[in-house]
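Computed from heavy atoms alone, side chains included, the values below leave out hydrogens, waters and symmetry copies. Along the sequence shown, the residues carry numbers beginning at 1.
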Amino acid sequence: MPYVELTVTVVAVSILALIADFLAGRRELPAFFVVAYTGAAAGAFLAVRVFAIATYDSWIWPIWAAVGAVAGLILYFLFRKKR
């Protein structure tokens, strides 16, 4: 399967966004998806282009993407507007 890494990454990031929405107790699911996928794109970009430690056919960049998604969600929790 040529795109199994991409599929696993999309599913993992979606699950992370759903967990973050559940933990927040609010219904901001679209915002959590945007934040998680943006963080995942940044993590993948760092692994592949900036640090050049992975290629798109390895399993290193999905781990970096998941870490980027978690970092983005944590920062979103810390700096979101609270009324």
Side-chain angles (χ1 to χ4, degrees):
M1 293 179 54
Y3 297 108
V4 69
E5 297 93 355
L6 181 61
T7 306
V8 169
T9 304
V10 168
V11 170
V13 171
S14 297
I15 291 171
L16 288 172
L18 288 170
I19 291 171
D21 183 53
F22 178 73
L23 290 176
R26 298 176 8 167
R27 295 292 167 220
E28 290 186 2
L29 192 57
F32 284 116
F33 275 119
V34 168
V35 169
Y37 284 121
T38 303
F45 180 79
L46 284 173
V48 173
R49 296 292 179 181
V50 175
F51 298 123
I53 61 169
T55 59
Y56 283 118
D57 60 351
S58 71
W59 282 96
I60 296 173
W61 75 266
I63 296 169
W64 276 69
V67 170
V70 169
L73 289 168
I74 289 172
L75 290 172
Y76 181 69
F77 276 124
L78 290 176
F79 296 112
R80 69 179 173 185
K81 292 181 182 180
K82 296 178 185 174
R83 293 183 185 185

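Under the 4.5 Å side-chain contact rule for hydrophobic residues, Leu75 and Phe77 share a cluster. Follow the hydrophobic side-chain contacts under 4.5 Å out from Ile74 and you never reach Leu23; the two are in separate clusters.
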Identify all side-chain donor-acceptor contacts of residues 11-20 below 3.5 Å with residues at least two apart in sequence or on another chain.
residue: Ser14; atom: OG; partner: Val10; partner atom: O; Å: 2.8
residue: Ser14; atom: OG; partner: Tyr37; partner atom: OH; Å: 2.3

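A distance of 11.0 Å separates CG in Leu73 from CG in Leu78, rounded to the nearest 0.5 Å. Interatomic distance, Thr38 OG1 to Phe33 CZ, rounded to the nearest 0.5 Å: 12.5 Å.
Across every non-hydrogen atom of Gly72 and Val35, the tightest pair is O-CG1, 3.3 Å. Considering every non-hydrogen atom in both Ser58 and Ala54, the closest pair reads OG-CB, 3.6 Å.
By the 4.5 Å side-chain criterion applied to Ile, Leu, Val, Met, Phe, Trp and Tyr, Phe51 is assigned to a cluster that also includes Phe45, Leu46, Val50, Ile53, Ile60, Trp64.
Side chains of Val4 and Trp59 form a contact here, defined as non-hydrogen atoms less than 4.5 Å apart.
For the side-chain contact (heavy atoms from CB on, under 4.5 Å) test, residues two or more places apart in sequence or in another chain that qualify with Tyr56 are Val48, Trp61.
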